[in-house]
2 protein chains.
Amino acid sequence: MRTKDKILVTALQLLNEHGVKSVTIRDIAAEMGISHGNLGYHYANMELIIYALYEQLVKEMDAVIGSMQFSGIHLQLVYDSNKIMFTKFYEYRFLFIDFVAIGRSIPKLRKHYLSLQKKRAAEFFMLLMLLKSNNILSSKFSDEQYGQLIQSLTIFGDFWISSSELVYNGKKDKRVDYYLNLFFALILPYLTKEGQKQYGMLQK
Amino acid sequence: MRTKDKILVTALQLLNEHGVKSVTIRDIAAEMGISHGNLGYHYANMELIIYALYEQLVKEMDAVIGSMQFSGIHLQLVYDSNKIMFTKFYEYRFLFIDFVAIGRSIPKLRKHYLSLQKKRAAEFFMLLMLLKSNNILSSKFSDEQYGQLIQSLTIFGDFWISSSELVYNGKKDKRVDYYLNLFFALILPYLTKEGQKQYGMLQK
DNA sequence: GCAAATTTAGGACATTTGTCCTATTTATTA
DNA sequence: TAATAAATAGGACAAATGTCCTAAATTTGC
């Protein structure tokens, strides 16, 4: 692996473990066994590394979402795509754990995230509308209510990791599933009979 | 005001504005126009200041919640108590914005928060059960489902500020109301006819 | 195989920050 | 009022950190 890539791998590991505040250029160099001067040659400072990792996450998400086959609308689809997203998010958890601090110190990242979120919210809204017209989500709730639901789901999606970092004390390999389950519990009361049937048959 | 109290006031203002990462003992002293040596005499480091502010928040919350009159069970009660909590949280928003980083660097704070959260969740569960038995919340959802709802509401309650810090661009004085409204939208589908009626009549 | 470009190591330096220390001033109390 | 305690100012210092620089080593392209 090229040094430049290896730096990102090591940085990600250290950032996830110790948090943005505690990791320095020199820490990463030491962990890799290279000089801090060398590391500075590839990435002059932590912000560049963090932004590179953010770009990497976005890229990986696009790739994995893009490769999904949308064969007919079904609750399983929502489940699968969210499971992938939750898992990826957790791989890059330091970003979410220090979300605001990072957004504050790297305006470019914040700006990009905002437009990304807007796009994702619009896609998700389309998906919900589709589920609604296919009698999976109930029609008795207004589009505005579904819009609000999406906002809350977005907040949950962005911050379940932070919460779990402080609170979760279950098995490590069940963490994502646990919060994915909570996420779906938020959608549960909006389901029709048919939706509930599909929910019961979800392959988790 | 005593210097020791004034330090907390100034620290809170700076922390809310710039975040934990960017505020130092010396910054606070400079803002107050006193020497850093003097500030060190009262609080040796930032962690002591942050913990003191956390204690202050907990104390203020206890006081304000304790003074509420619980005259009969009603959705308005849930609304009012949450409005108070949301408002207080926002006054001390730096705590929530850097929740994980603070919890990591001040284990005592993390530990206290965990036991507090446990207590609050239990109280909230009792409240929901009461609303359920008073036909405000629907009986068609299981206690387990209400338990999950509380967990999601807790995550929302702890992190709406972080999200708003990055996303919200509405009027400043409507911020708390906006997220309180989203918070209640999460409860909406669990309401009975009677509950919905009370919801429509909420004095916001 | 050799010149040029890239990569690497490590030193130097300024800045920031927490921490400690002492001297002075202000407040308290007996 | 005198002595004691509390509060304040500001200097000193070490550790950490980003940043810059140079020289050596390695790789690349012709």
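Please read all numbers here as calculations on a predicted model, not as lab measurements. Letters go in sequence order (proteins before strands), and every chain restarts at 1.
- Remark: nothing in residues 99-110 of chain B comes within less than 4.0 Å of DNA chain C through any heavy atom.
- At whole-Å resolution of the value, CG in B:Asp27 and P in C:dG18 are 8 Å apart.
- In this structure, A:Lys118 forms no cation-pi arrangement with A:Tyr113, as its terminal cationic atom is not both closer than 6.0 Å to the ring centre and no more than 45° off the ring axis.
- For B:Phe96, the ring pair (Phe, Tyr, Trp, His ring centres under 6.0 Å) partners are B:Phe89, B:Phe99, not counting sequence neighbours.
- Listed by chain and residue number, nothing satisfies the ring pair (Phe, Tyr, Trp, His ring centres under 6.0 Å) test with B:Tyr90 (two or more places apart in sequence, or in another chain).
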Report, one pair per line, the protein and nucleotides 7-14 of chain C atoms (nitrogen or oxygen only) whose separation is under 3.5 Å.
residue	atom	partner	partner atom	Å
C:dT7	OP2	A:Tyr41	OH	2.6
C:dT8	OP1	A:Thr3	OG1	2.7
C:dT8	OP2	A:Asn38	OD1	3.1
C:dT8	OP2	A:His42	NE2	2.5
C:dT8	O5'	A:Asn38	OD1	3.3
C:dT8	O5'	A:Asn38	ND2	2.9
C:dA9	OP2	A:Ser35	N	2.9
C:dA9	OP2	A:Ser35	OG	3.3
C:dA9	OP2	A:Asn38	ND2	3.1
C:dA9	N7	A:Ser35	OG	3.4
C:dG11	O6	A:His36	NE2	3.1

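- Taking the centre of each ring, A:Phe86 and A:Tyr179 stay at or above the 6.0 Å mark.
- As rounded to whole Å, 10 Å separates atom P of D:dC20 from atom CG of A:Asn45.
- Taking every heavy atom of both residues into account, B:Asp98 and A:Ala101 meet most closely at OD1-CB, 4.0 Å.
- Between A:Phe184 and A:Tyr79, the ring center distance clears the sub-6.0 Å criterion.
- Judged by a 6.0 Å distance limit and a 45° cone about the ring axis, A:Lys132 is not positioned over the six-membered ring of A:Tyr146.
- Considering only residues two or more places apart in sequence or on other chains, A:His112 meets the ring pair (Phe, Tyr, Trp, His ring centres under 6.0 Å) condition with A:Tyr54.
- Ring-centre distance between B:Tyr178 and B:Tyr168: below the 6.0 Å cut-off.
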N/O contacts under 3.5 Å, protein versus nucleotides 22-28 of chain D?
none

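- With rounding to whole Å, B:Lys21 atom NZ is found 13 Å from D:dT17 atom P.
- A:Asn82 places no side-chain N or O within donor-acceptor distance of the main-chain N or O of A:Met85, the cut-off being under 3.5 Å.
- Computed from coordinates, the B:Ile25 CD1 to D:dG10 P distance equals 17 Å when rounded to whole Å.
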